[in-house]
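This report concerns only the one structure given below.
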2 protein chains.
Amino acid sequence: MINDIIFLLLKKGAHREPVRMTTSEIANAINKSQQTASRELIMLENEGLLERRKSTVKLTEKAVKQAENICIALRAALNAAGEIKFSGALVTGLKEGRYYLSQDGYVSQIKEKLGFSPFPGTLNIQIPASQIEKRLELRAREGIRIGGFESAGREFGPMKAYKCRINHTQAAIVFPERSHHGLNVLEIIAPLNLRTHLKIKDGDTVHCEVF
Amino acid sequence: MINDIIFLLLKKGAHREPVRMTTSEIANAINKSQQTASRELIMLENEGLLERRKSTVKLTEKAVKQAENICIALRAALNAAGEIKFSGALVTGLKEGRYYLSQDGYVSQIKEKLGFSPFPGTLNIQIPASQIEKRLELRAREGIRIGGFESAGREFGPMKAYKCRINHTQAAIVFPERSHHGLNVLEIIAPLNLRTHLKIKDGDTVHCEVF
DNA sequence: ATTACTAATTCACGAGTAA
DNA sequence: TTTACTCGTGAATTAGTAA
């Protein structure tokens, strides 16, 4: 899964700068013999995961990448558990949603991957700071990827979507990869105009349940 | 380090509800023989990391805690690289800081572990939503633990502290384990009255650099 | 001192199979 | 079916040393 020595070196900061550690010290730290530590270091070196220079060790970029991937996978697995619900006040956005959601590049993907044709416009929900951790948690989840594309010389970035219900109506939260909003605004897309359909206006509290 | 089977079960959501998986299926998923999977499951069961009931498996609280700790340690090690800086507006808190920081249980520990005698009062900095991710990152780091205690029949919870500089003056960020503040307020303690020392007032932008 | 080789040992693995 | 036992094999680990 993840190598003990790499984990140890990570904790010692060996991905930042070379760390002075003998094979015996490493062996001691991982509860193995000096011989095992020596052998493993040779193997890790051959795999290109670390570099040595007169009894200093430094992790390579490759090792860090590998550790990061494991970390992300673990986090996703651990979090994939709980239901996520938000509630916040309806606010008016910058009206760009209408423009983006009239781009066929987005529309066709949303139809295909989310199963509805989006109303041209986003609903913006301002969530309190207490829900921001949940927002980060959600974003760490797998989600549905809407790819970016180019159209009329302009570039449209990719985004991630999560199916949800807004006051019990089918919708989706979208996280554009390059968003103009801060962490406290959720952007919602839906097959119809939620404002008129749900009879809601700015300031009303809106509930959002991810599934 | 982290067990393949536990990782697999986590991905299958076995920490939420019992998951139906035979030893052969598990063996297949981790590229081992059915016999090895069986043996490992027995061992994990003996260690109290999972429970079985007619070919369903469920991870225990202990297993989840263990995985969480590994995840946090990994994240902390990986992130330990970058400097963390905050900047935000000085705000007035609930004035409880003064009360807490006159408790000898806290004062003596702060003297010992942070190396200064705290001015009785906290400085509260309101950070923008864009810095909340950094705040979570900081909290995932090791930090200096200030233990909880009881005094005069009242319970004082533990907290974590991180040495920092406020506008170049020595101080520390504290995270009470049970905080009244949301994620957007940082509480700072220092050896002197920072408001008068730095000549700052509510609304002024304050810079905080962790090291 | 430290590292890494070779040889001895131990322990993890999977085949076969019973329950 | 599935699970888990025994046991032979070999890979992983350590002891003993050389460099």
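A, B, ... follow the sequence lines: proteins, then strands. Residue 1 opens every chain.
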Interface residues of residues 17-37 of chain A with DNA chain C (non-hydrogen, below 4.0 angstrom): A/T22, A/T23, A/Q34, A/Q35
Under 3.5 Å donor-acceptor, B/R145 side chain and B/A161 backbone: no
Backbone N/O of A/V57 and side chain of A/E51: donor-acceptor pair under 3.5 Å: no
Main-chain N/O of B/A77 paired to A/H15 side chain as donor or acceptor, under 3.5 Å: yes
Gap separating the CG atom of A/L183 from the CD1 atom of A/I132, nearest 0.5 angstrom: 5.5 Å
Identify all side-chain donor-acceptor contacts of residues 39-50 of chain B below 3.5 Å with residues at least two apart in sequence or on another chain.
from: B/R39; atom 1: NH2; to: B/T36; atom 2: OG1; distance (Å): 3.3
from: B/E45; atom 1: OE1; to: B/R52; atom 2: NE; distance (Å): 3.2
from: B/E45; atom 1: OE1; to: B/R52; atom 2: NH2; distance (Å): 3.0
from: B/N46; atom 1: ND2; to: B/I42; atom 2: O; distance (Å): 3.4

Sugar-phosphate only, base, or nothing, as touched by B/L41 at under 4.0 Å among non-hydrogen atoms: nothing
Residues in salt bridge (charged side-chain N to carboxylate O under 4.0 Å, His left out) contact with A/R195, at least two apart in sequence or another chain: A/D202
Main-chain N/O of A/E177 paired to A/K160 side chain as donor or acceptor, under 3.5 Å: no
Residues touching DNA chain D, which here means a heavy atom under 4.0 Å, drawn from residues 43-54 of chain A: none
Contact interval (first through last nucleotide) of DNA chain C with protein chain B, 4.0 Å heavy-atom: C/dC13 to C/dG16
Pairs satisfying side chain to side chain donor-acceptor pair (under 3.5 Å), at least one member in residues 163-175 of chain B, at least two apart: none
Contact list for residues 32-67 of chain A, test ring-ring contact (aromatic ring centres under 6.0 Å, His included), sequence neighbours left out: none
Pair listing, side chain to side chain donor-acceptor pair (under 3.5 Å) test, anchored in residues 183-194 of chain B, at least two apart: B/H181-B/E187
Nearest-angstrom distance from the residue atom CZ of A/R39 to C1' of D/dA12: 6 Å
Can you give the donor-acceptor pairs under 3.5 Å from side chains of residues 204-211 of chain A to other protein atoms, not counting sequence neighbours?
from: A/D204; atom 1: OD2; to: A/K201; atom 2: N; distance (Å): 2.9

Validation: residues 101-112 of chain B side-chain donor-acceptor distances under 3.5 Å, sequence neighbours left out:
from: B/S102; atom 1: OG; to: B/R98; atom 2: O; distance (Å): 3.2
from: B/S102; atom 1: OG; to: B/Y99; atom 2: O; distance (Å): 2.7
from: B/Y106; atom 1: OH; to: B/G157; atom 2: N; distance (Å): 3.4
from: B/Y106; atom 1: OH; to: B/G157; atom 2: O; distance (Å): 2.5
from: B/S108; atom 1: OG; to: B/D104; atom 2: O; distance (Å): 2.9
from: B/Q109; atom 1: OE1; to: B/K113; atom 2: NZ; distance (Å): 3.2
from: B/Q109; atom 1: OE1; to: B/G147; atom 2: N; distance (Å): 2.6
from: B/Q109; atom 1: NE2; to: B/G105; atom 2: O; distance (Å): 3.1
from: B/Q109; atom 1: NE2; to: B/G147; atom 2: O; distance (Å): 3.0

Which residues share a ring-ring contact (aromatic ring centres under 6.0 Å, His included) with B/F175, sequence neighbours left out: B/Y162
Dot-bracket line, read 5' to 3' along DNA chain C, where crossing pairs take [ ] and | marks a partner on another strand, Watson-Crick or G-U under 3.5 Å: .||||||||||||||||||
